[in-house]
Amino acid sequence: QVQLVESGGGLVQAGGSLRLSCAASGSTFSRHAMGWFRQAPGKEREFVAAISWSGGSTFYADSVRDRFTISRDNAKNTVDLQMDSLKPEDTAVYSCAAGPLVVISPTGYDYWGQGTQVTVSS
């Protein structure tokens, strides 16, 4: 059982950076893969990044690769998303999710946070 709460969203200028954090609770957190997804107005939920339970494997959407970095600290029960070189098209509600395997489909995740708004101005 995992409970997730995101934080760190806000308004930033294009080209700027923002770091999102997902705080997790639950005794089995360390064995869960974690993913970040985003949803912009009028669009379906989109995969952003994922990380394996060990932190040894990471995956990124082509649109964010080399700009975003996902990381986890199992000792602190947190998963972060460092977002650099932000673009207006990155504007969306960002949610973290936990699941048994590292996958890119949102249906593969069992637990979800409430989401945090990220707005990038031009």
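A quick note: this is a predicted structure, and the numbers were derived from the prediction, not measured. Reckoned from all heavy atoms, side chains included, excluding hydrogens, waters and symmetry mates. For the single chain, residues carry numbers from 1 onward in sequence order.
Hydrophobic cluster membership is shared by Leu81 and Val12, with clusters built from Ile, Leu, Val, Met, Phe, Trp and Tyr side chains linked at under 4.5 angstrom. Residues Trp112 and Val79 are members of separate hydrophobic clusters, defined by side-chain heavy-atom contacts under 4.5 angstrom among Ile, Leu, Val, Met, Phe, Trp and Tyr.
With Glu6 contributing its side chain and Cys96 its backbone, the two residues share a donor-acceptor pair below 3.5 Å. Judged by distance alone, the side chain of Tyr60 and the main-chain N or O of Ile70 form a donor-acceptor pair under 3.5 Å. In this structure a side-chain-to-backbone donor-acceptor pair under 3.5 Å is missing from Gln114 to Val5. The closest donor-acceptor contact from the side chain of Thr119 to the backbone of Thr91 lies at 3.5 Å or more, if one exists at all. A donor-acceptor distance shorter than 3.5 angstrom exists from the side chain of Asn74 to the backbone of Trp53, with no hydrogens or angles considered.
Other residues, nucleotides and ligands place no more than 12 heavy atoms under 6.0 Å from the CD atom of Gln3.
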Asp90 and Met83: CA distance, side-chain angles, deciding distance, side-chain contact (heavy atoms from CB on, under 4.5 Å) verdict: CA-CA 9 Å; Asp90 294 319; Met83 304 184 295; over 6 Å; no
Could you walk me through whether Val103 and Tyr109 pass the side-chain contact (heavy atoms from CB on, under 4.5 Å) check? CA-CA 8 Å; Val103 295; Tyr109 294 85; 3.7 Å; yes
Assess the residue pair Val118 and Arg38 against the criterion (side-chain contact (heavy atoms from CB on, under 4.5 Å)); give the C-alpha distance rounded to whole Å, side-chain angles, the decisive distance to 0.1 Å, and a yes or no. CA-CA 9 Å; Val118 171; Arg38 66 188 183 186; over 6 Å; no
Applying side-chain contact (heavy atoms from CB on, under 4.5 Å) to Ser63 and Glu89, what does each step give before you reach the verdict? CA-CA 10 Å; Ser63 59; Glu89 51 262 45; over 6 Å; no
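Counting all heavy atoms, side chain and backbone alike, Ser85 lies closest to Arg67 at O-NH1, 3.0 Å. Among all heavy-atom pairs drawn from Thr107 and Ser105, the shortest one is OG1-OG, 2.7 Å. For the residue pair Ser122 and Pro88, the shortest heavy atom distance occurs at CB-CG, 4.0 Å. The minimum heavy-atom distance linking Val102 with Ala33 is given by the pair N-CB, 3.4 Å. Across all non-hydrogen atoms, the minimal contact from Pro100 to Gly108 is CD-O, 3.7 Å. Taking each heavy atom of Phe37 and Ile104 in turn, the nearest pair found is CE2-O, 3.4 Å.
One distance of note links CG of Leu18 with CG of Leu11; it measures 9.5 Å at 0.5 Å rounding. Atom OG of Ser17 is separated from atom CZ of Phe68 by 9.5 Å, given to the nearest 0.5 angstrom. Put simply, CZ on Arg72 and SG on Cys22 are 9.5 Å apart, with the number rounded to the nearest 0.5 Å.
Taking the side chain as every heavy atom from C-beta outward, Pro106 and Gln39 never approach each other to under 4.5 Å.
The side-chain hydrogen bond (donor to acceptor under 3.5 Å, both in side chains) search around Arg19 returns Asp80, Gln82, not counting sequence neighbours.
Note: Tyr111 and His32 have perpendicular aromatic rings, judged against thresholds of 30 and 60 degrees for the angle between ring planes.
Between Asp62 and Arg65 there is a salt bridge, since a side-chain N of the basic residue sits under 4.0 Å from a carboxylate O of the acidic one.
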